[in-house]
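Each remark here refers to the structure printed beneath this line.
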Amino acid sequence: AELDTLDLIVLAAILLGTLAYFTKGKYWGVAKDPYASAFANTNGVKAGRTRNIVEKLEETGKNCVIFYGSQTGTAEDYASRLAKEGKSRFGLDTMVADLEEYDFDNLDAIPDDKVIMFVLATYGEGEPTDNAVEFYEFITADDVTLSESNDPALGNLNYVAFGLGNNTYEHYNSMVRNVDKALQKLGAHRIGDAGEGDDGAGTMEEDFLAWKDPMWAALASKMSLEEREAVYEPIFGIVERDNLTPESSEVYLGEPNKMHLEGTAKSPFNAHNPYIAPVVESRELFSAKDRNCLHMDIDVSGSNLAYQTGDHIAIWPTNPGEEVDRFLDVIGLTEKRNNVISVKALEPTAKVPFPAPTTYDAIIRYHLEVCAPVSRQFVSTLAAFSPTEEIKAEMTRLGNDKDYFHNKTGPQFYNIARLLATIGKGEKWSNIPFSAFIEGLNKLQPRYYSISSSSLVQPKKISITAVVESQMIPGRKDPFRGVTTNYLFALKQKQHGDPNPEPFGQTYEIAGPRNKYDGIHVPVHLRHSNFKLPSDPGKPVIMVGPGTGVAPFRGFVQERANQAQNGAEVGRTLLFFGCRKSTEDFMYESEWAEYKKALGDKFEMITAFSREGNKKVYVQHRLKERAKEVNELLTQKAFFYVCGDAANMAREVNAVLAQIIAEGRGLSEQKGEEVVKHMRAANQYQEDVW
Ligand code: FAD
């Protein structure tokens with residue numbers, strides 16, 4: 001039926017009413033807090049902001065923009081550090097920019113008295129980070145279409161490039177390499193070398209430091225910059241809000257954004273807007289006394305989050321109370337921890353990385369990575385604020401002398417507060433402007449976990465399998481504890497009846513800001529992955545997943561067992577699993593037997609227990625023992641999957657597979673490796689490693 005005019009008027013009225021309801025007066029002239037940092041409501045993209053970088057540079061009077069492609073925050077952190085250094089040492093007018101927030105078709109209109117820097121992380125199998133996908137596709141396209149018709153196309157563009165990668169992956173630093181190649185092809189001028197940092201070798205920070213000095217020298221000469229004595233200038237101003245208390249409704253106590261503050265959080269849930277999900281079940285998977293592995297079921301039925309088997313879930317952690325206390329204490333802010341402050345960007349292009357007004361306590365607990373290793377460059381920056389001249393000399397030495405720094409700090413697993421406490425010998429570091437921490441420490445990052453359930457079997461209940469990170473440190477009283485996994489461990493203890501869990505002496509604000517996470521909730525978002533079962537369940541699969549690497553394969557096997565129960569023809573399903581001892585850390589032992597009932601002979605689990613018997617046996621040895629069958633299945637187009645430790649296991653499995661193929665098919669070793677490469681390119685060989 002057609003709508004008549006009256007219907008339309010009624011509909012319009014309802015629509016307006018609904019809008020007014022959902023926007024809660026946001027567009028209706030409600031007074032705005034003049035200090036409140038504009039923080040994204042849903043997805044971080046602010047309306048009305050220009051995507052035109054040329055315009056932005058003109059408007060703000062900048063001559064240097066540092067674009068970052070970042071997944072876990074490190075590239076973003078390096079970008080900020082370059083911006084800061086460019087400004088303080090060379091008087092450049094710098095700005096940092098998220099690649100996602102700009103268009104690139106007018107890169108050729110950037111005048112040649114400006115410089116563009118790219119700090120680019122490579123993610124997973126040589127992929128761009130989520131925020132760099134569009135830029136990457138644009139710049140590496142065969143026919144890049146730019147606004148002017150210069151010849152060469154980017155003849156005006158001066159750029160600098162640094163990549164963050166991991167040499168244990170096949171496509172080491174491919175992001176920076178490919179972007180650099182593409183820019184060269186378009187005639188752009190690179191200043192200095194294209195730097196490469198290697199997380200695999202654990203030298204990322206030092207690679208960055210070693211790269212940037214010659215780069216600055218080259219840039220200074222190219223742009224005739226004069227180096228000056230670096231003076232610290234804060235990027236953020238802290239305004240005490242005496243009229244507000246932590247009870248005031250507009251004060252953020254750790255809520256991730258405005259909707260969470262107002263209690264109106266709604267879809268879309270994503271990396272800027274987590275879903276506060278109930279943990280419906282948690283249990284211990286190990287029988288060993290000294291190690292813990294958590295199984296958790298997270299209920300997403302109250303959201304419209306949807307996952308596919310093989311995807312990742314991100315958990316938003318909170319820092320342990322002891323480390324929050326230690327931090328506040330060493331910088332002399334304990335008394336003021338609950339004072340309300342606003343944080344103002346003193347720089348038009350700087351972004352406050354968390355919502356405000358808020359408290360020091362909330363910033364440290366929910367927003368800054370205060371437990372992470374300390375960067376040497378940050379130590380240099382802080383030296384100027386040392387409590388005494390003697391301490392300043394020590395800080396300066398630590399900042400300048402690479403070996404001294406690593407010998408002194410590395411073995412201790414220092415975080416920033418522990419380092420300052422040790423070097424300061426009990427003195428408080430109250431001279432450090434709080435802005436320095438906002439600039440110099442990473443944003444607290446969500447941690448990813450491979451989902452260990454099948455979306456076919458439990459579409460709204462997401463399982464994770466996580467080993468609790470803990471290491472004894474010689475010469476230190478308390479062991480080192482990972483942030484997220486110990487927070488999850490505390491949640492599990494609470495769920496099992498402990499009202500105030502203190503795993504290993506650490507406490508967490510488990511109920512979250514304003515008790516919003518009470519009843520065992522955890523903030524999460526999802527990330528799609530390419531780690532996927534073949535769409536045809538009849539295809540054979542071979543899975544290699546020792547330790548927590550078995551996580552996604554629990555999902556895979558659960559899925560295939562379900563398909564078999566529903567009458568599908570399921571192909572051969574081989575799972576290579578390894579752990580220390582069958583009696584200690586054999587996770588899901590009884591479950592595998594259940595799946596076996598459903599799958600019968602189709603499913604076989606091949607185990608390697610490294611600490612039973614007198615020789616260490618690992619999954620790659622077992623794989624070798626089954627060479628004949630593995631090779632046969634591969635010729636029947638079996639999919640091959642590896643999950644878990646990127647540094648050693650995944651590499652060795654790759655090598656063993658190449659041998660198996662070479663021997664089984666009478667090929668040279670080199671040809672065997674090529675076959676594996678082809679399998680990777682064709683998605684027949686898939687990795688989910690970390
Ligand atoms: P963190 O606090 O982040 O510490 C991690 C490590 O960093 C420490 O072990 C230490 O080596 C180093 N470190 C941290 N602080 C310091 C310091 N001050 N000094 C020196 N070194 C330091 N894990 C699982 O258990 N199961 C999974 O299924 C799983 N899937 C993953 C999937 C993906 C795609 C990725 C990227 C990772 C996955 N992980 C998984 C790993 C997981 O994301 C976390 O890294 C892990 O749980 C540790 O987190 P944490 O916060 O407890 O430890």
Side-chain angles (χ1 to χ4, degrees), residues 71-74 121 123-125 127 129-130 166 168-169 199 202 204-205 285-286 291-296 310-320 323 326-327 369-375 378 405-406 408-420 422 441-442 444-453 462-473 476 478-491 503-504 506 508 524 526-531 545-555 585 587-588 642-647 650 686-690:
Q71 195 71 30
T72 59
T74 315
Y123 194 66
E125 298 286 296
E127 295 146 35
T129 56
D130 291 350
N166 184 319
T168 59
Y169 288 78
D199 203 28
M204 183 70 80
E205 173 78 11
L285 292 174
F286 286 176
R291 290 192 303 146
N292 298 90
C293 184
L294 303 169
H295 172 89
M296 279 191 160
D311 284 347
H312 299 136
I313 185 167
I315 305 276
W316 293 45
T318 74
N319 282 312
E323 295 300 334
R326 186 193 313 280
F327 185 94
E369 200 81 71
V370 292
C371 295
V374 184
S375 105
F378 192 43
F405 178 81
H406 289 288
K408 198 99 188 190
T409 63
Q412 287 296 317
F413 278 63
Y414 281 138
N415 55 35
I416 186 66
R418 285 176 189 257
L419 179 84
L420 293 178
T422 308
L441 297 176
N442 245 343
L444 185 57
Q445 292 295 320
R447 311 297 203 259
Y448 288 103
Y449 294 88
S450 301
I451 294 177
S452 59
S453 51
I462 293 178
S463 302
I464 62 168
T465 308
V467 156
V468 179
E469 283 275 344
S470 140
Q471 282 179 61
M472 295 305 292
I473 312 293
R476 195 171 118 172
D478 53 334
F480 165 81
R481 303 284 181 199
V483 174
T484 316
T485 48
N486 285 279
Y487 161 60
L488 291 175
F489 194 60
L491 284 175
F504 319 108
Q506 299 199 129
Y508 296 84
V524 302
L526 294 181
R527 183 167 197 277
H528 178 71
S529 93
N530 295 323
F531 196 72
T548 45
V550 82
F553 302 137
R554 175 181 180 263
D585 49 357
M587 48 243 260
Y588 301 116
V642 188
C643 178
D645 167 39
Q686 301 181 18
E687 268 184 357
D688 181 22
V689 294
W690 58 83

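First listed ligand is number 1; within each ligand, the first listed atom is number 1. Sequence positions, counted from 1, serve as the residue numbers for this chain.
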Open item on the list: We want to know whether Tyr449 and Thr484 form a side-chain donor-acceptor pair, criterion being a heavy-atom distance below 3.5 angstrom.
Closed with: no
Open item on the list: Is any side-chain heavy atom of Arg476 closer than 4.5 Å to one of Arg418?
Closed with: yes
Task: atom 19 (N) of ligand 1 [closest protein heavy-atom partner, distance rounded to 0.1 Å] - done: Phe413 CA, 3.5 Å
Task: atom 45 (O) of ligand 1 - nearest protein heavy atom and its distance - done: Arg447 CD, 4.8 Å
Open item on the list: Checking contacts here: is it the side chain or the backbone of Cys371 that comes within 4.0 Å of ligand 1, counting heavy atoms only? Could be both or neither.
Closed with: backbone
TODO: Please check if any side-chain donor atom of Asn486 sits under 3.5 Å from a side-chain acceptor atom of Glu469, or the reverse.
DONE: no
TODO: Classify the contact between Tyr414 and ligand 1 as side chain, backbone, both or neither, using a heavy-atom distance cut-off of under 4.0 Å.
DONE: backbone
Task: ligand 1 N/O within reach of Glu469 N/O, cut-off under 3.5 Å - done: yes
TODO: Examine distances only and state if a side-chain atom of Gln71 and a backbone atom of Ala121 form a donor-acceptor pair shorter than 3.5 Å.
DONE: no
- [ ] Decide yes or no for Ile462 and Val524: does some side-chain heavy atom of the first lie under 4.5 Å from some side-chain heavy atom of the second?
- [x] no
Task: Distance-only N or O hit between ligand 1 and Ala466, under 3.5 Å - done: no
- [ ] Please confirm whether Arg481 comes within less than 3.5 Å of ligand 1 when only nitrogen or oxygen atoms on both sides are compared.
- [x] no
TODO: Check each atom of ligand 1 against the heavy atoms of Gly482 and keep those under 4.0 Å away; list them by number with element.
DONE: 1 (P), 2 (O), 50 (P), 52 (O), 53 (O)
Open item on the list: Does any part of the side chain of Cys293, heavy atoms only, come nearer than 4.5 Å to the side chain of Thr548, both counted from C-beta?
Closed with: yes
Task: Validation row: Asn530, Glu127 side chains within 4.5 angstrom (heavy atoms) - done: yes
TODO: Could you find the nearest protein heavy atom to atom 43 (O) of ligand 1 and give me its residue, atom name and distance?
DONE: Tyr448 O, 2.6 Å
TODO: Evaluate the 4.0 Å heavy atom contact test for atom 34 (C) of ligand 1: does a protein atom fall under the cut-off?
DONE: yes
Task: Flag side-chain contact, heavy atom, 4.5 Å: Asp199 against Thr74 - done: no
TODO: Applying side chain to side chain contact (heavy atoms under 4.5 Å, CB included), run through Phe378 and Leu441 and close with a yes or a no.
DONE: CA-CA 8 Å; Phe378 192 43; Leu441 297 176; 3.8 Å; yes
TODO: Pick one of side chain, backbone, both or neither for how Thr465 approaches ligand 1, counting any non-hydrogen atom pair under 4.0 Å.
DONE: backbone
Open item on the list: Side chain or backbone, does Ala551 bring an N or O within less than 3.5 Å of an N or O on ligand 1?
Closed with: no
- [ ] For the pair Phe553 and Phe531, name the ring-plane relationship: parallel under 30°, tilted 30 to 60°, perpendicular over 60°.
- [x] tilted
Task: Residue, atom name and distance, where the atom is the protein heavy atom closest to atom 22 (C) of ligand 1 - done: Pro373 CG, 3.7 Å
Open item on the list: Checking a contact table here: which protein heavy atom is nearest atom 36 (C) of ligand 1, and how many Å away?
Closed with: Trp690 CB, 3.8 Å
Open item on the list: With heavy-atom distances below 4.0 Å as the criterion, list the atoms of ligand 1 near Val467.
Closed with: 25 (O)
- [ ] Return the option from Tyr123, Phe480, Phe489, Tyr449 holding the heavy atom at the smallest distance from atom 44 (C) of ligand 1.
- [x] Tyr449
TODO: Report yes if some heavy atom in the side chain of Val483 is under 4.5 Å from a heavy atom in the side chain of Arg447; otherwise report no.
DONE: yes
Task: Heavy-atom nearest neighbour in the protein, as seen from atom 11 (O) of ligand 1, with distance rounded to 0.1 Å - done: Gln471 NE2, 4.0 Å
Task: Non-hydrogen side-chain atoms of Phe327 and Asn415 separated by less than 4.5 Å - done: no
TODO: Would you check if Leu526 and Asp311 make a side-chain contact, meaning some heavy-atom pair closer than 4.5 Å?
DONE: no
Task: Minimum-distance protein heavy atom relative to atom 2 (O) of ligand 1 - done: Val483 N, 2.9 Å
Task: Nearest-contact summary for atom 28 (O) of ligand 1 - protein heavy atom, Å - done: Ser450 N, 3.3 Å
Open item on the list: For ligand 1, which is the ligand I care about here, please tell me if His312 has any N or O atom under 3.5 Å from one of the ligand's N or O atoms.
Closed with: no
Open item on the list: With the threshold set strictly below 4.0 angstrom, can you tell me whether any protein non-hydrogen atom sits that near atom 5 (C) of ligand 1?
Closed with: no
Task: Protein heavy atom under 4.0 Å of atom 15 (N) of ligand 1 - done: yes
